[in-house]
2 protein chains.
Amino acid sequence: MLDFHAALKKLRNHLKNNDLRFTNERLTILEEIFQFPPHFDAEQLFIYIRKKHNHISRATVYRTLDLLSQIGIIKKENLGKDYASYELDYKMPHHDHLICEICGKVIEFADDIIEKRQREISENNGMVMVRHQLQIFGRCKEHTE
Amino acid sequence: MLDFHAALKKLRNHLKNNDLRFTNERLTILEEIFQFPPHFDAEQLFIYIRKKHNHISRATVYRTLDLLSQIGIIKKENLGKDYASYELDYKMPHHDHLICEICGKVIEFADDIIEKRQREISENNGMVMVRHQLQIFGRCKEHTE
DNA sequence: ACATAAAGTGTGACTCAGTCTCAATTTAAC
DNA sequence: GTTAAATTGAGACTGAGTCACACTTTATGT
Ligand SMILES: [Zn+2]
Ligand SMILES: [Zn+2]
Ligand SMILES: [Zn+2]
Ligand SMILES: [Zn+2]
């Protein structure tokens, strides 16, 4: 379980090892992601950041999201919208999502049976699994008539 | 298992029941989808159709894909690209996808254990499952070193 | 077959997420 | 402090998809 300081350390490490620079913008964006709702999109985050730090550009936010994804501090995923979603990649080694089609509420889960079965299916089809993504869309308690 | 004639019937039926028109464009697009690779995207399809029927517009192709999705003749889904993929919704009541990250090859599968487990997970979290989508990304035999 | 009303179409302008270019700025390291 | 390389902000650009609207086609009734 990665908190802010561990994430920061991971970032500094990666930057150092790859002859990249530790900039104020990168620090600020990482800080703000930790303040932000767990599942977010780039444009939301950019608008939020822009309000507080009006010199940070959209390009830098997008570039930093890519960087943090490569490092494994955040994860880019599709949660059923037609643009990318992101989340901190720290709660569990892996989890999938239940999404309410009405209110957008997101519930996370990790299930060993499904994980195991996916590895078996991949093998049976001659593939080496690298990653996977499961979204269950439905209606939450508040939105079932 | 829905062949072209069953799909056409389904389309005509839906149109009749909703006071919509059976047009040449809609017929042509349905025909061409049946000629096309099983997993495709809208822009590919539009370019392909445009070559043979140079009066059919992009807007009509997109509008028809929406229509056919609503009827359940095709299905719109995310196969890991940053634009929508489509496929005929006829082979199995439901299936998911294994996708090679290198060559893009798509293998379909349907697994009862996973399907059942998803229903259980939804229940346990107080959700009614409406649909779901599972993509396993990996490397196929030809692309594993 | 013809008239009519409503649905559908093509065009091109538009939106929106995301990327790119490039001059100006900042960082890391000596 | 100097310097070279990396980074940034601004705004132009791209590509998928949508929209408005004048024009065309379809379905229906006669
Ligand atoms: Zn809900
Ligand atoms: Zn999550
Ligand atoms: Zn492959
Ligand atoms: Zn498929």
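All heavy atoms count here, side chains included; hydrogens, waters and symmetry mates do not. Predicted model only: the values in this text are computed from it and were never measured. Lettering follows sequence order; numbering is per chain, from 1.
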Classify the ring geometry between A:His97 and A:His39 as parallel (under 30°), tilted (30 to 60°) or perpendicular (over 60°).
perpendicular
Pairing donors with acceptors under 3.5 angstrom, does anything connect the side chains of B:Glu32 and B:His53?
yes
Heavy-atom pair of closest approach, residues B:Asn78 and B:Gln135
O-NE2, 2.8 Å
Expressed as a whole number of angstroms, how long is the span from B:Leu67:CG to D:dT18:P?
14 Å
Quickly work out the B:Phe46 CZ to D:dG17 C1' distance and round it to whole Å.
12 Å
Closest non-hydrogen atom pair, B:Cys100 against B:Cys140:
SG-N, 3.5 Å
Segment of DNA chain C, first to last nucleotide, that comes within the 4.0 Å heavy-atom reach of chain A
C:dA17 to C:dA28
Distance check needed: D:dA16 C1' versus B:Asp82 CG, whole Å only.
9 Å
Heavy-atom distance under 4.5 Å between the side chains of B:Lys76 and B:Leu65, does that happen here?
no
Protein-nucleotide distance (B:Asn18, atom CG; D:dT26, atom P), rounded to Å:
19 Å
Given D:dT18, is OP1 or OP2 found less than 4.0 Å from the side-chain N or O atoms of B:Tyr62?
no
Distance alone, cut at 3.5 Å: any donor-acceptor contact between the side chains of B:Glu43 and B:Tyr48?
no
Just checking, is any N or O donor in the side chain of B:Tyr86 or B:Gln44 under 3.5 Å from an acceptor N or O on the other one?
no
Tell me which pairs pass ring pair (Phe, Tyr, Trp, His ring centres under 6.0 Å) where either residue lies in residues 119-145 of chain A, with sequence neighbours left out.
A:His94-A:His132
Treating primed atoms plus P, OP1 and OP2 as sugar-phosphate and everything else as base, which nucleotides of nucleotides 4-11 of chain D get B, S or - for protein heavy atoms under 4.0 Å?
-BSSBBB-
